[in-house]
Each structure stands twice: as C-alpha cells, then as structure tokens.
Number of protein chains: 2
Amino acid sequence: MTDALPREESLGYQVNHLARLFAQALAVRIAPYGVVPGQFAPLLALFEQDGLSQRELCDRVRIEQPTMANTLQRMERDGLVRRVPDPSDRRRAHVRLTERARAIEQELVSAALAVNGAATGGLTDAEIATYLDLTARMMRNLEADGGQ
Amino acid sequence: MTDALPREESLGYQVNHLARLFAQALAVRIAPYGVVPGQFAPLLALFEQDGLSQRELCDRVRIEQPTMANTLQRMERDGLVRRVPDPSDRRRAHVRLTERARAIEQELVSAALAVNGAATGGLTDAEIATYLDLTARMMRNLEADGGQ
DNA sequence: CTCCAGATCATAGCCAGCTATGCATGCGGG
DNA sequence: CCCGCATGCATAGCTGGCTATGATCTGGAG
C-alpha cells in the first residue's frame with residue numbers, strides 16, 4: 001500500500017501524456033480545415049449518421065451532455081452543424097451537418113489516419129491490436145470502478 | 001489515404017477516453033485530501049525534490065509553463081505549496097511544499113497505486129510492461145512528429 | 001384532466017491544457 | 001558600462017473536460 005512512490009505516476013501519467021500528444025498531432029493536421037480536436041469525434045459520429053440528437057451524440061462519443069452542448073455551440077458558430085428542432089418533441093433538436101462539414105469529410109478522415117500512422121510507426125499490427133485490447137480492458141476496469 | 005472512416009477514431013480516441021477515466025478514478029480518491037488530479041504530478045515531483053523552480057517543474061512534469069503557473073496558483077491557494085523568491089535570481093521562485101502537503105504524501109501515493117491497481121486488474125505484469133513500452137514508443141513517435 | 005416524474009437541453013462555475021504575449025531580470029560582448 | 005538577447009514568470013484568451021443546477025417539455029398515473 002505504501003510502496004515507494006510510483007515512477008512518474010506510471011500508467012495514469014503516461015496515458016494522460018500520450019493523449020495530449022495525440023490531440024496535438026491531430027490539431028496541427030485539422031487546423032487548416034477550421035476544425036479542432038474536440039469537434040472531431042462528434043463529426044465522425046455525424047458522418048456515420050446525420051441528424052442525431054445531442055443526447056445520442058453524447059452516448060456515442062462518451063462525453064457528458066454539458067460538454068457536448070458547448071462543443072455543439074462552437075461547431076454551430078464555426079458553420080459545421082445546424083440544430084434543427086424536432087417537431088414531434090420540442091425538447092429535442094437534431095444536429096445536422098452543413099455542406100461545409102460534408103465537404104471536408106475525406107480530409108478529416110485522412111488526417112486521423114495520418115495521426116494513427118505517425119503514432120504507430122515501427123509497431124506491428126499485432127502490437128497495435130494488443131494495445132487496443134489492453135486499453136479496452138483497462139477502460140472496462142475503470143468504468144466498473146466507480147469510486148474506491 | 002481515404003480508407004473507410006476509422007472505427008471510432010481508433011487509437012487517439014481510445015487513449016483520450018482512457019486518460020479521462022484515469023483522471024476521474026484518481027479524482028474520487030484524492031478529493032478527500034483536498035487535492036485534484038492536475039496537482040498530482042507537481043506534488044510527486046516535489047516529494048522527490050522540494051524547492052524546484054517553476055521551470056524545472058514544467059520540465060519534469062511535461063506541462064507548458066503557463067499551465068504550471070495556473071496550477072501552482074491553485075496549489076498555493078489550497079495551501080499545498082509556497083513560492084519563495086530566489087535571492088540570487090529575482091526572476092525565479094522556488095516552490096516549497098507546506099506541512100499540509102507533506103502530511104498527505106503517503107495517502108496520495110496509496111491513492112495512485114490504488115488507481116493503477118484498479119485499472120490493471122486482470123492484467124499480467126508482462127502485459128503492463130508491454131503496455132508501458134508501446135505507450136513510450138508512440139510518445140516518442142508523436143514527439144518526433146512535430147507537425148505533418 | 002391534472003399533476004408529477006423523467007427526459008432534454010442550457011447555464012454556471014470549476015479544473016486543466018494550450019498558444020501568444022508582455023514584463024522584469026540576468027548576462028555576455030563590445 | 002551598456003545594450004541586446006535570453007530566461008523566468010504572469011496574463012489573456014481559447015478549447016475541452018467535469019459536476020450541479022435550472023428550465024422546459026412529454027407522457028403517464030390517478
């Protein structure tokens with residue numbers, strides 16, 4: 001329980017650092033298209049299925065609702081999406097891609113692939129698969145954790 | 001280059017998500033001590049060597065200087081550190097732990113170990129070692145990446 | 001029909017990260 | 001000596017994450 005202090009906070013610290021590096025690598029590649037990293041996941045979800053509600057987007061992207069609300073506000077400001085009210089349920093709004101967003105889909109996908117490629121340089125497919133598997137297992141562990 | 005869109009943004013997305021889960025798991029465990037995740041790495045660095053300058057802390061923790069400036073401000077507000085001016089160089093200040101911070105060192109280290117333990121449940125030591133190795137390699141790749 | 005529980009979204013306020021600047025100090029060359 | 005560059009820190013302003021709370025609407029129980 002009271003070991004020597006873990007070398008550089010080990011896993012949690014390293015993963016946090018790696019996540020920041022991924023975000024930065026993505027940022028430089030998508031900046032030319034006027035998109036920032038936080039908008040990326042919602043955009044991918046909408047490319048897959050346009051017209052999702054905010055709630056559905058939260059579930060798919062694994063982000064809390066207020067975070068999504070802010071992100072969508074910026075995306076609307078930046079001309080990437082519109083919110084169209086649901087006539088059958090006035091609480092909901094459907095998020096729809098603009099022409100501008102659809103026009104840059106391929107470029108954004110390419111950017112994501114480029115980041116993945118840069119990160120995994122020198123890694124075998126088996127290593128990448130292992131990494132994803134271990135990542136998924138730890139996510140499940142921590143989700144089940146809940147607290148204490 | 002223009003593959004099908006990567007399944008859930010693959011690596012970058014998963015790592016981001018995992019990092020958030022780590023931060024949350026840590027947050028619930030250290031909240032009782034009045035510490036938040038962003039203060040954790042600087043505290044560990046200071047436990048190892050007290051009296052570092054802000055610049056040295058940035059280098060050790062891999063955080064940009066303005067981020068550290070804000071974090072230290074909150075840590076000072078929360079009574080975890082003091083900044084004492086360097087008499088021999090009036091630009092610098094040394095960050096020193098308070099008694100309160102030193103008093104909770106063991107609890108904080110335990111919390112970090114508990115988070116690591118929760119995350120790595122069901123993983124072998126070899127798997128954890130592999131994970132850290134692959135993480136380090138990707139970090140090197142992305143650091144070398146720079147942009148484009 | 002009414003009213004209340006639940007769902008959807010928005011807002012407030014915080015932490016944590018970043019870039020771009022600005023300001024003061026220190027230091028080395030000429 | 002001094003001038004200019006480098007260094008250390010602070011500030012401004014942004015993104016993006018969170019919890020807590022509020023407002024509005026739906027739908028069902030009674």
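Proteins get letters first, then strands, A, B, ... in listed order; numbering begins at 1 in each. Keep in mind that this is a model prediction, so the values were computed, not measured.
- Ion pairing between A:E48 and A:R60 fails under the 4.0 Å rule for side-chain N and carboxylate O.
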Pair A:L108-A:E105, side-chain contact (heavy atoms from CB on, under 4.5 Å): steps then yes or no: CA-CA 5 Å; A:L108 294 183; A:E105 172 171 358; 6.0 Å; no
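- Residue B:R83 places at least one side-chain N or O under 4.0 Å from the OP1 or OP2 atom of D:dA10.
- Protein atom CZ of B:F40 is 16 Å distant from nucleotide atom C1' of C:dC15, rounded to whole Å.
- In this structure, the side chains of A:Y13 and B:R62 come closer than 4.5 Å at one or more pairs of heavy atoms.
- Side-chain nitrogen and oxygen atoms of B:Q54 include at least one within less than 4.0 Å of the OP1 or OP2 phosphate oxygen of D:dA10.
- Closest to the side chain of A:V36, out of D:dT15, C:dC15, D:dC25, is D:dT15.
- Contact annotation: side chain of B:R91 to base of C:dA24, donor-acceptor pair absent below 3.5 Å.
- For D:dT24, neither phosphate oxygen OP1 nor OP2 lies less than 4.0 angstrom from any side-chain nitrogen or oxygen of A:R90.
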Intermediate values then yes/no, side-chain contact (heavy atoms from CB on, under 4.5 Å), B:E56 and B:Q49: CA-CA 11 Å; B:E56 291 167 325; B:Q49 182 174 351; 6.0 Å; no
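- Between B:R77 and C:dC15 there is a side-chain polar atom (N or O) within less than 4.0 angstrom of OP1 or OP2.
- The phosphate of D:dC9 has neither OP1 nor OP2 within less than 4.0 Å of any side-chain N or O from B:R55.
- Checked by distance alone, A:Q73 brings no side-chain donor or acceptor within 3.5 Å of a matching partner on the base of C:dA10.
- A salt bridge links A:R102 to A:E99: at least one charged side-chain nitrogen sits closer than 4.0 Å to a carboxylate oxygen.
- Note: NE2 (B:H17) to P (D:dG16) measures 17 Å, nearest angstrom.
- On a pure distance criterion of 3.5 Å, no polar donor-acceptor pair joins the side chain of A:R92 and the base of C:dT8.
- The side chain of A:I63 lies closest to D:dC18 when the candidates are C:dC18, D:dC18, D:dT11.
- We find that CD of A:E76 is positioned 13 Å from C1' of C:dA10, with the value rounded to whole Å.
- Rounded to a whole Å, the CG atom of A:D78 is 14 Å from the C1' atom of D:dG16.
- If you check D:dC9, D:dT15, C:dC18 against the side chain of B:Q65, the one that comes closest is D:dC9.
- For A:R74, the side-chain atoms get nearest to D:dT15 when compared with the rest of C:dA16, D:dT11, D:dT15.
- Side-chain N/O atoms of A:T71 include none lying less than 4.0 angstrom from OP1 or OP2 on D:dG16.
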